[in-house]
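Some notes on the structure that comes next.
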Amino acid sequence: MFDRILIANRGEIACRVIRTARRMGVATVAVYSDADAGALHVELADEAVRIGPAAAAESYLSADAIIEAACATGAEAIHPGYGFLSENPGFVDAVSAAGLVFIGPSAKAIRAMGLKDRAKALMVEAGVPVVPGYHGADQDDALLAEEAARIGYPVLIKAVAGGGGKGMRRVDRVDDFPDALQGARAEAAAAFGNADVLIEKYILSPRHIEVQVFGDGTRAVHLYERDCSLQRRHQKVIEEAPAPGMTEEVRAAMGAAAVRAAEAIGYSGAGTVEFIADGAGDLRADGFWFMEMNTRLQVEHPVTEAITGLDLVEWQLRVAAGQALPWTQEEIPLSGHAVEARIYAEDAENGFLPVTGTLSHVDFPGFARADSGVRAGDAISPFYDPIIAKLIVHGPDRDSAIAGLRKALGATRLAGSVTNLGFLHRLLGAEEFREGRVDTGLIERESAALTLAPTPSEETLALATVAALGLAQGAGDGFALWSPLRWTQSLEHAGETVERQVECIAGGFRITGGPDPVELTGVVPGEPLWRYTVAGRRRSAVLALAADRVTITQGGAPLIFLRSDPLARVAGQGAGGDAILAPMPGLVCRVLSTPGKEVREGDLLMVLEAMKMEHSLRAPRDGVVATLPVAEGAQVQSGDTLLTLEPDDD
Ligand code: MV4
């Protein structure tokens, strides 16, 4: 076994590889860009080497810098993780030329699967089913059109150098073929520098089912299948093993085909053979076709680890160090069901826009496997993949694994950035998914319901209001003399602004402004768990407070409330204009303004006496006082108009 390896990657996968290496007594060398100098993978490794600036092209894709770091630290082998240089045969050659071991397949095996047309031809030879179609070298327009007609519409044009859906065009009618062909070629040329295409029969209701394989260069075995049909824009969202509806017969047929594929190219290490399966009915032994082979460890490998009990990274290291695979196919266990969810920093409720931010809280429940590369205080950087973590739950059957993962998502405490936790939580609850009716179109079909932000309960809103005002945390103390004992706070949730009033009651707070008042007592703020009593029940919630927001999780999708300036919100409410309303019942003891007077934001306008204290009311913005319906000495009720400003014309 190696004494020391270098991990040419970052984030969760670098951390995951380090964990197994450490368990095996293998020393680890991390590499990092300037953006990652303080990253978790750097902290976990035995040593770390800077390889360049933040941009991946100048750091994690810099083969020379990485090989130099390995040589300088005495690492004997390089683990590439996934992405970056993991499927770059030129890198594999350079690693070998430097006298180091690449932990993965040979450059030859990677090249064999690199181009789709060549890979398909190889697979046909090896007896692996491929989608009916044309994958020849002749790229003549008329010939391609003829082939499309022979295959029968609908067809799919794919770039031979493609991946991730780029350079792909579905064509339903013969008339559309010429334009689609030109479009696919142009996209392929721009993305891959290779305009060649192949044509396939379009498989309706496709399912993405892939088989994990492991080879030692001669022999290969499979570690069963994963279903990765739940994707969005060709990005996997939920993965599971085994595939719903899989039978022993189809599993044996797919497994055998995957092993033939791996053995045909002398595969060594961990790989995945991706199939497209006809999801229109039950899975069939003649209803799956080879799509491509991924010659690396994949993001979703933990679900396979969960059902087999094997550590795939351990076996990558063993095979790379020259050990033979110890198992026969029959010896590989398959137990229960595992589901994985990818937690991303993205705003699912807002068009899945990527977001950045600093994670103020990062905490995963102990009953799930959490593979993560971040901890509290880390920033989501715009330079790399926005994955925060993968959560994996294993159970005796599919229902319990799904229920467990859903609970785990609800118990995950992430704050400081927007995440897709709520989206994942809703997706795992979707009826089609629960019933195992997974196909690649599910997310798109259900997208309206899946991206709808949940409506907060009055209780949650009350808690958010108290937290945003800093009342339970004691921030009320210092300014109590000069501020009202009844506060108003605006919060924005899912694009809508709601306003609530808070007043102190014995042992807690009474929150009004909603359909019914809410009384929260015994509020104990924690980091991040808050406890409180409402309607006689002792309850808890996870709260994370940032300068501009409150994030609340109560066993489900997290709710994010953006704080608005409470003073700025006093105006514009009631009386149809820019009014200052009495925040509580009291006595107007001083009036410091007159109609027509120009005021600046923050100017003291009035002093209200309530509960034996004086409360200052200040101008919410620059403006001119319009009316002053109350005089000194007046008794006012909560919500009475005390002063109005001329409308703001800006
Ligand atoms: C297909 C297909 C239907 N018929 N090939 C998309 C990306 C690439 N990995 C293969 N893809 C597809 N190939 C034939 N002949 C439908 C897809 C496809 C898809 C496949 C897997 C997961 C999600 C998908 C979403 C849209 C289309």
Side-chain angles (χ1 to χ4, degrees), residues 82-83 87 113-117 119-121 123-124 128-135 144 147-172 176-177 180-181 183-184 187-188 191-192 197-211 225-241 243-244 254 258 261 271-281 283-284 286-296 298-300 340 342 352 427 432-433 437-447 450:
Y82 53 69
E87 294 183 279
M113 290 296 181
L115 292 178
K116 285 199 161 96
D117 53 346
K120 272 187 92 171
M123 292 303 105
V124 172
V128 176
V130 302
V131 186
Y134 172 81
H135 53 264
L144 291 175
E147 288 294 333
R150 179 184 60 81
I151 295 160
Y153 288 91
V155 299
L156 192 61
I157 305 174
K158 289 183 179 176
V160 302
K166 274 209 195 89
M168 211 167 78
R169 288 281 191 290
R170 174 180 167 167
V171 193
D172 290 312
D176 298 335
F177 188 82
L181 178 61
E187 210 171 294
F192 314 110
V197 297
L198 52 81
I199 302 169
E200 289 182 351
K201 178 83 190 160
Y202 190 88
I203 310 297
L204 299 157
S205 322
R207 278 177 69 178
H208 173 130
I209 301 180
E210 56 185 35
V211 177
E225 78 284 355
R226 296 183 287 256
D227 192 307
C228 310
S229 297
L230 292 193
Q231 308 195 357
R232 213 198 125 258
R233 305 248 164 106
H234 304 298
Q235 287 289 327
K236 293 170 187 165
V237 177
I238 303 275
E239 301 105 339
E240 60 182 307
M254 283 185 109
T272 296
V273 182
E274 199 180 300
F275 295 100
I276 192 166
D278 180 1
L283 292 172
R284 304 184 318 273
D286 65 351
F288 67 87
W289 303 273
F290 172 86
M291 282 274 109
E292 55 191 71
M293 180 165 182
N294 300 312
T295 52
R296 58 165 192 270
Q298 290 196 261
V299 178
E300 60 272 26
E340 171 180 287
R342 298 188 185 190
F352 290 93
L427 183 54
E432 273 189 276
F433 175 71
R437 288 184 284 125
V438 292
D439 74 76
T440 59
L442 192 154
I443 290 178
E444 188 66 36
R445 286 195 301 276
E446 298 294 319
S447 100
L450 294 174

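Note that the structure is predicted; figures quoted are calculated from it, not measured. Atoms within a ligand are numbered from 1 in the order they appear, just like the ligands themselves.
Ionic pairing of Arg296 and Glu87 is present here: one or more N-O contacts between side-chain nitrogen and carboxylate oxygen are shorter than 4.0 angstrom. By the 4.0 Å N-to-carboxylate-O rule, Asp172 lies close enough to Arg170 to be salt-bridged with it. We find that Glu432 and Arg445 are joined by a salt bridge, their nearest charged nitrogen and carboxylate oxygen being less than 4.0 Å apart. Lys116 and Glu292 are joined by a salt bridge, as a carboxylate oxygen and a charged side-chain nitrogen come within less than 4.0 angstrom of each other. A salt bridge is defined here as a Lys NZ or Arg NE, NH1 or NH2 lying under 4.0 Å from an Asp or Glu carboxylate O, and Lys236 with Glu210 meets this definition.
Summary of contacts: the protein heavy atom closest to atom 1 (C) of ligand 1 is Leu156 CD2, 3.2 Å. The single protein non-hydrogen atom nearest to atom 26 (C) of ligand 1 is His234 CE1, 3.6 Å, given as residue, atom name and distance. Ranking protein heavy atoms by distance to atom 19 (C) of ligand 1, first place goes to Thr440 CG2, 4.1 Å.
Between atom 12 (C) of ligand 1 and the options Lys116, Glu444, Met168, Arg233, the minimum heavy-atom separation is to Met168. With distances taken over non-hydrogen atoms, the option nearest atom 2 (C) of ligand 1 out of Ile157, Ile203, Val131, Ile276 is Ile276.
Within the structure, ligand 1 has Glu274 among the residues with a heavy atom less than 4.0 angstrom away. Residue contact check for ligand 1: Arg207 places no non-hydrogen atom closer than 4.0 Å to it.
Phe352 carries Arg232 over the face of its six-membered ring, with the cationic atom under 6.0 Å from the centre and within 45° of the normal.
The part of Lys201 lying near ligand 1 is the backbone, judged by heavy-atom distances below 4.0 Å.
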Inset, instruction - Decide yes or no on salt bridge (charged side-chain N to carboxylate O under 4.0 Å, His left out) for Arg226 and Glu340, but give the supporting numbers first. - result: CA-CA 10 Å; Arg226 296 183 287 256; Glu340 171 180 287; over 6 Å; no

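For ligand 1, the atoms lying closer than 4.0 Å to a non-hydrogen atom of Glu200 are 5 (N), 14 (C), 15 (N). For ligand 1, the atoms closer than 4.0 angstrom to any heavy atom of Lys158 are 1 (C), 5 (N), 10 (C), 13 (N). Listed by atom number, the atoms of ligand 1 under 4.0 Å from Met291 heavy atoms are 5 (N), 10 (C), 13 (N).
Polar contact with ligand 1: absent for Gln231 (N/O pair, distance under 3.5 Å).
Between the Lys166 side chain and the Glu187 main chain, no donor and acceptor come within less than 3.5 Å of each other.
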